Structure formats: structure tokens, C-alpha cells
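Throughout, residue positions are numbered sequentially from 1 according to the sequence presented. All values derive from a computational prediction rather than experimental measurement.
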Amino acid sequence: MTDTRGYFGLVPEGTFLYGCLRTADGVIFEPTRRIPASPTDRGMSGLIVQSTLNDDNVLHIDGSASAAAATSRGCSVTVEGDDELAIWASAAGAEGKPWRVTMSQDAVTWSEADAMELTGRLLPPGLQWHVPAPDKGILYVSQLYEVSGTADGRAVRGFIGLDRTWMAEGGMLYVKKDVLVGEQLHNTWYTWATKYTDGTYDAGHFMLANDRGGFALLTNERQEILRTTAVTGEVFPGEDRNFPKDITLEINGEKWEFLPDPHGIMPDFLSAAKKLPTPQNEGRWRRVGDTREPDIWFAWGEIAPGHGTTPTQRWRS
């Protein structure tokens, strides 16, 4: 997660922290921070906090919290001790409120001064996926954590991801050289986890995509891994082809459904002048017929109605 080497002809693009935190009375916080891999990178490089603390009771960006935090640019990245504790921290003298992230083999901390303090444990093992395109490929390495702490001074619980991406030189997610949006590959993409009241959990990544690009990566409390590209399904966008009303998938013959949180729509995030090419919506994934009672959960992802609502196979030159 800290190495500067490349893989499969791809180079580091960025490190992402993101997730969903809930209070006991149902307030949702959705923080994200991107740490660019290159000093010349012009993409997002700071903290974004969305919350339902507003009149709409849906996830809007908290501009004051986001603007107050120090940038990710120029941050220090070190590995310390025999236990190899990775540490990311805002640059000395950086304007704004300092931040710090640590990652060990099985634990994480995420501190945003005056805004958020989280500690958590890994839902093992880490997961990774690779789109093998030489000019627009992606290597995506992801670790998911169950966390607790405070946000805006309120006690919260939830899940976060600490992910890293590798892309072709100059590539960036959600821009022209990105295979997902630039090549209109995906119909939907979600990273998610659910812990149930009996202590069991499911966690992973789902992608429904054109050109045989779909996949499912799943793990559970027994660290059993499902890796498959046998994924079919359909996306059902809402009004104006916006936030999903429903998503249904069949994965290796097993049916799954997405339950969108009515307070989890993100009208401000990746909005592209409010046209929302990839509407983001928090919610929960479950197997159809699963009766376990959820304790905590997150499912941060998107649909891409402009890429189609069911996968297609397109001929390419």
C-alpha cells in the first residue's frame, strides 16, 4: 500500500479512504480522502465529508469540514517498526487542520483533526481485482475495516475502505483515460460490507459490466473467498435515470439484491454539473432470502445509466 513500484505496466494512481458511519439515531456520515500518487496529479486531493445533517436528510457535502482539512498533497508516507506500521500524515506546515492515517497488518486509524477520529479492525483478507487493458487497465487493491469512533463529535460505527489503484501513466479514475467511464465499461460498481447481529459478515466488491467486465469478490467471517466473472443482472434507475430504485444480480447462480438507503443518495458527489453520470447511493447488499438481521453495513457505489442497464458485448477495433 506504500510501495512506489508498478504492476502489469501500470503505475500508482492514488490511495483512497472512504466509508459509511452511522450514529445510534441514524445520522449518516460518508467521508472520503484521496491521496494522489504523483505530485503533478490534478485530481481530488483532500477530504470530503457528506452527511445527512441538513434539511433534505440526504447526503450532502459539508463544505466547512471539507474546506478546513489539510490537503493530501505533499503528505508524508512512512513505514515504521518491526510490525511495519504504514503512516500517512499531512505535510508539516500544510494549511488547514492536520490528518493522519495508520495501517498495520490487521488494524487502521483515521484522524481528521476536529472532524473525525476512527479506529478499526480488518475484515480479512484484503481483496484485489485487475482489468487487463494495456493502455487503460486498472489494478485495484482494497482492504475493508469495521470501525468506531466519533464524527462531528458524535459516536459512530461503520465500515471504511483503504484502497489503492494503479493505472497507465497519466490515467485517473473517472476521467478520459479511465476504462470505467472513458470506455463506458460498467453498469454498476459497489464496495460493501454487512455485519450481522450473530457476528457473521459478508464483504466484497460487485461490478456488473459490459464486454465481460463484470466480477464479484466476496469474503466472510471464515475468510472464504468467492472470485467469479459469472455475473449477470440489471440496474433499475430512478427518476431521470438517476439514483437506483433497485439492482439485481445473479452471481454463480445465486441471486443478490441492492437495498438503497432513501437517505443515502449523494446529489453533490461526482455530479458533473448535476448531470450525475454515475449517481452514487449508499445502501445494503443481501442475498435474496437471507434472513440474518444486519447490525452495521455500508455499500458505497454507483450506477452508470448511460452505459446501459444490462451488460452488452460490443465489438472493438
TODO: Applying side chain to side chain contact (heavy atoms under 4.5 Å, CB included), name anything that partners Ala65, two or more places apart in sequence or on another chain.
DONE: Val49, Asp62
Open item on the list: Can you confirm whether Arg284 is buried at CZ, in the sense that more than 12 heavy atoms of other residues, nucleotides or ligands lie under 6.0 Å from that atom?
Closed with: yes
Task: Residues in salt bridge (charged side-chain N to carboxylate O under 4.0 Å, His left out) contact with Lys255, at least two apart in sequence or another chain - done: none
Task: Min side-chain heavy-atom separation Ile303-Thr278 under 4.5 Å - done: no
TODO: Would you please name every residue forming a salt bridge (charged side-chain N to carboxylate O under 4.0 Å, His left out) with Glu282, sequence neighbours left out?
DONE: none
Open item on the list: For Ala216, give me all partners under side chain to side chain contact (heavy atoms under 4.5 Å, CB included), at least two apart in sequence or on another chain.
Closed with: Phe206, Thr228, Val231, Ile251
Task: ring pair (Phe, Tyr, Trp, His ring centres under 6.0 Å) partners for Phe258, two or more places apart - done: Tyr190, Trp285
TODO: Please name all residues satisfying side chain to side chain donor-acceptor pair (under 3.5 Å) with Thr219, sequence neighbours left out, ordered by chain then number.
DONE: none
TODO: Could you tell me which residues satisfy ring pair (Phe, Tyr, Trp, His ring centres under 6.0 Å) with Phe8, sequence neighbours excluded, listed by chain and number?
DONE: His130
Open item on the list: I'd like to check the side chain to side chain donor-acceptor pair (under 3.5 Å) partners of Trp99; sequence neighbours left out, ordered by chain and number.
Closed with: none
Open item on the list: Working to the nearest 0.5 angstrom, can you tell me the gap between Leu59 CG and Asn54 CG?
Closed with: 8.0 Å
- [ ] Report the C-alpha separation of Arg34 and Ser45 in whole Å, then their side-chain angles, then the decisive distance to 0.1 Å, and conclude whether the side chain to side chain donor-acceptor pair (under 3.5 Å) test is met.
- [x] CA-CA 5 Å; Arg34 178 175 180 268; Ser45 60; over 6 Å; no
Task: Modelled atom types, side-chain donor and acceptor of His60 and Asp268, under 3.5 Å - done: yes
Open item on the list: Just to verify, what does Glu234 make a side chain to side chain donor-acceptor pair (under 3.5 Å) with, not counting sequence neighbours?
Closed with: none
Task: Short side-chain donor-acceptor distance under 3.5 Å, Thr194 and Asp202 - done: no
- [ ] Can you sort out the partners of Arg286 under side chain to side chain donor-acceptor pair (under 3.5 Å), two or more places apart, ordered by chain and number?
- [x] Glu257
Task: Pair Trp300 + Phe269: ring centers closer than 6.0 Å - done: yes
Open item on the list: For the residue pair Thr191 / His205, report whether a side-chain donor-acceptor contact shorter than 3.5 Å exists.
Closed with: yes
TODO: Only pairs at least two apart or in different chains count here, so list each salt bridge (charged side-chain N to carboxylate O under 4.0 Å, His left out) that has a residue in residues 145-162.
DONE: Arg121-Glu146, Glu146-Lys195, Asp152-Arg154, Arg157-Asp295
- [ ] Check side chain to side chain contact (heavy atoms under 4.5 Å, CB included) between Arg227 and all other residues, then give those that pass, not counting sequence neighbours.
- [x] Leu217, Ile225
Task: Enclosure of Asp82 CG (heavy-atom neighbours >12, cutoff 6.0 Å) - done: no
Task: Validation row, ring centre Trp129 to ring centre Phe215 under 6.0 Å - done: yes
- [ ] State whether a side-chain donor-acceptor pair under 3.5 Å links Asn220 with Tyr201.
- [x] no
Open item on the list: Thr312 and side chain to side chain donor-acceptor pair (under 3.5 Å): which single residue from Asp211, Asn210, Asn187 fits?
Closed with: Asn210
Open item on the list: Are more than 12 heavy atoms, taken from residues, nucleotides or ligands other than Glu224, located less than 6.0 Å from that residue's CD atom?
Closed with: yes
Task: Between Trp110 and Trp88, ring centroids under 6.0 Å - done: no
Open item on the list: Whether Asp290 and Arg292 form a salt bridge (side-chain N of Lys/Arg under 4.0 Å from carboxylate O of Asp/Glu) is what I want to check.
Closed with: yes
Task: Side-chain heavy atoms of Val235 within contact of Pro305, under 4.5 Å - done: no
Task: Thr119 side chain to Thr109 side chain, donor-acceptor N/O pair below 3.5 angstrom - done: no
